Amino acid sequence: MATIDGLPPLREVIKTHDLVAKRQLGQNFLLDLNLTAKIARMAGDLSACDVLEVGPGPGGLTRGLLVEGARHVVAVEKDPRCIAALDEITAVYPGRLTVLNADALHIDPAEYLASPIRIVANLPYNVGTELLIRWLTPLIWPPFWQSLTLMFQKEVAERIVAKPRTEHYGRLALLAQWRCDAKIVMHLPPEAFTPAPKVHSAVVHLTRLPGPRFPADEAMLTRITTMAFGQRRKMLRSSLKALHPDIEAKLVEAGITPTQRAEEISLEGFCALTRSLA
Ligand code: SAM
């Protein structure tokens with residue numbers, strides 16, 4: 001059957017290159033090119049952007065990004081078996097796709113990318129959260145990217161967008177929402193992938209803010225939220241007592257009742273506490 005880009009359907013690509021999915025590489029492939037193009041559209045207008053894609057695999061999302069007009073895609077894939085399949089895409093889009101056979105945790109792709117840059121990826125589950133945290137905590141803000149459009153396990157996606165007093169609210173929500181707008185833009189059932197994972201998935205779109213939503217020292221904010229959510233069932237006057245000899249006064253100064261628990265405190269509240277303890 002003909003595809004929109006004239007390349008073979010993904011099932012055929014997988015067969016030709018013998019890309020039997022490897023669990024240890026988090027390989028759950030998207031084979032529906034309509035779906036991958038839809039995910040690419042969630043990243044916004046790509047025509048004037050370079051896109052960093054981590055884990056292109058057989059290239060479903062890569063092809064979606066190129067069909068949707070990405071100026072240049074830099075795709076970082078750890079599995080050498082996928083490279084020949086990806087090179088076939090490069091041949092159809094001369095000058096618009098750079099494939100790097102590397103571990104995304106050990107490479108800095110900056111030299112291959114030109115601003116403005118968006119990151120779009122169906123992330124391998126085993127490294128997804130680690131990469132997200134790296135992208136959210138660069139040495140200087142704003143970071144090298146404008147937006148992140150990322151597929152995660154549904155539970156991780158919910159942790160990124162969670163609000164106070166909800167089950168998934170915690171450090172990841174605070175980290176993401178401190179300097180980004182974050183929302184879930186798509187839900188996917190296990191059957192959307194080959195092989196089907198055990199869990200549901202969701203795409204999160206994060207847009208960077210020019211600076212933090214509320215002023216706070218990053219290291220102190222991290223320290224406070226780590227302690228507070230490390231013992232999330234405890235009252236803050238107890239979980240944070242090592243931070244200050246009169247922690248109750250500091251909590252009150254920040255507008256927090258000392259008997260409240262971490263999950264009740266908004267991002268604004270944690271930032272106010274960070275300033276009062278600074
Ligand atoms: N983008 C493809 C798709 O949507 O069908 C594949 C997604 S699959 C969930 C994750 C991909 O990430 C796999 O191709 C896997 O080989 C690759 N991968 C796993 N760990 C990686 C790493 N550390 N660096 C780069 N790629 C990695």
Side-chain angles (χ1 to χ4, degrees), residues 3 5 7-43 51-68 70 73-90 97-110 112-113 118-135 148-157 185-204:
T3 56
D5 51 15
L7 284 156
L10 284 154
R11 273 188 206 288
E12 211 175 297
V13 173
I14 286 177
K15 213 165 153 191
T16 308
H17 296 277
D18 197 19
L19 300 178
V20 178
K22 287 190 179 172
R23 207 180 166 162
Q24 67 271 32
L25 284 170
Q27 292 185 335
N28 302 99
F29 300 132
L30 289 169
L31 303 187
D32 178 347
L33 289 166
N34 291 318
L35 183 58
T36 60
K38 193 171 166 193
I39 295 168
R41 287 197 292 277
M42 295 297 160
V51 176
L52 171 62
E53 185 193 0
V54 172
L61 182 55
T62 320
R63 287 165 65 176
L65 292 164
L66 290 162
V67 162
E68 289 303 315
V73 177
V74 174
V76 182
E77 173 56 59
K78 187 174 176 181
D79 186 351
R81 299 178 310 154
C82 298
I83 304 306
L86 295 165
D87 285 345
E88 287 170 12
I89 309 174
T90 314
L97 175 61
T98 303
V99 177
L100 304 175
N101 185 195
D103 185 330
L105 293 171
H106 299 138
I107 187 183
D108 177 7
Y112 302 95
L113 292 156
R118 294 180 187 265
I119 302 180
V120 185
N122 173 12
L123 288 172
Y125 289 149
N126 42 354
V127 292
T129 315
E130 183 170 346
L131 281 171
L132 173 66
I133 290 172
R134 282 191 193 187
W135 290 327
L148 309 172
T149 307
L150 306 172
M151 178 95 67
F152 288 102
Q153 288 174 259
K154 182 168 164 258
E155 199 220 307
V156 176
V185 291
M186 201 190 286
H187 284 96
L188 289 97
E191 314 79 76
F193 302 85
T194 303
K198 288 199 177 71
V199 294
H200 283 248
S201 300
V203 178
V204 185

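Indexing begins at 1, ligand by ligand and atom by atom, following the structure's order. Every value quoted in this text rests on a predicted model; they were computed, and no experiment measured them.
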Any atom of ligand 1 sitting under 4.0 Å from a heavy atom of E53?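 Right, E53 reaches ligand 1.
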With a 4.0 Å cut-off on heavy atoms, is A102 in contact with ligand 1? yes
Report yes or no: does [X] contribute a side-chain atom to a donor-acceptor pair with the main-chain N or O of [Y] at less than 3.5 Å?
| X | Y | result |
| --- | --- | --- |
| N101 | V76 | no |
| R81 | V20 | yes |
| N28 | T194 | no |

Identify, for [atom], the protein heavy atom at the shortest distance, and state residue, atom and that distance.
| atom | value |
| --- | --- |
| atom 19 (C) of ligand 1 | L25 O, 3.2 Å |
| atom 23 (N) of ligand 1 | D103 OD1, 2.8 Å |
| atom 24 (N) of ligand 1 | A104 N, 2.9 Å |
| atom 14 (O) of ligand 1 | E77 OE1, 2.8 Å |
| atom 26 (N) of ligand 1 | K78 N, 3.3 Å |
| atom 3 (C) of ligand 1 | N122 ND2, 3.4 Å |
| atom 2 (C) of ligand 1 | P56 O, 3.2 Å |
| atom 18 (N) of ligand 1 | P124 CG, 3.7 Å |

Below the 3.5 angstrom mark, is there an N/O of [X], backbone or side chain, next to an N/O of ligand 1?
| X | result |
| --- | --- |
| D79 | no |
| G26 | no |
| V127 | no |
| Q27 | yes |
| N126 | no |
| C82 | no |

In terms of heavy-atom contacts, A70 and V51 come closest through CB-CG2, 4.0 Å
What heavy-atom pair brings A40 and E68 nearest, and what distance separates the two atoms? CB-CG, 3.8 Å
Heavy-atom contacts with [X] under 4.0 Å: which atoms of ligand 1 show up? List them by number with element.
| X | result |
| --- | --- |
| V76 | 25 (C), 26 (N) |
| G57 | 14 (O) |
| G55 | 1 (N), 2 (C), 6 (C), 7 (C), 11 (C), 12 (O), 17 (C), 26 (N) |
| L30 | 3 (C), 4 (O), 5 (O) |

For R134, I'd like to know if atom CZ has over 12 heavy atoms of other residues, nucleotides or ligands within 6.0 Å. yes
Per the side-chain contact (heavy atoms from CB on, under 4.5 Å) rule, which among V120, N122, L188, L150 passes with V203? L188
Find out whether T36 and L10 are in side-chain contact, i.e. whether some heavy atom of one side chain is under 4.5 Å from a heavy atom of the other. no
Passes side chain to side chain contact (heavy atoms under 4.5 Å, CB included), L86 versus H17? Steps please. CA-CA 10 Å; L86 295 165; H17 296 277; over 6 Å; no
Hey, mind stepping through L31 and I14 against side chain to side chain contact (heavy atoms under 4.5 Å, CB included) and telling me if it holds? CA-CA 10 Å; L31 303 187; I14 286 177; 3.5 Å; yes
Apply side chain to side chain contact (heavy atoms under 4.5 Å, CB included) to residues E77 and T62 and explain how you reach the verdict. CA-CA 11 Å; E77 173 56 59; T62 320; over 6 Å; no
Step by step, work out the side chain to side chain contact (heavy atoms under 4.5 Å, CB included) result for D5 and L66. CA-CA 9 Å; D5 51 15; L66 290 162; over 6 Å; no
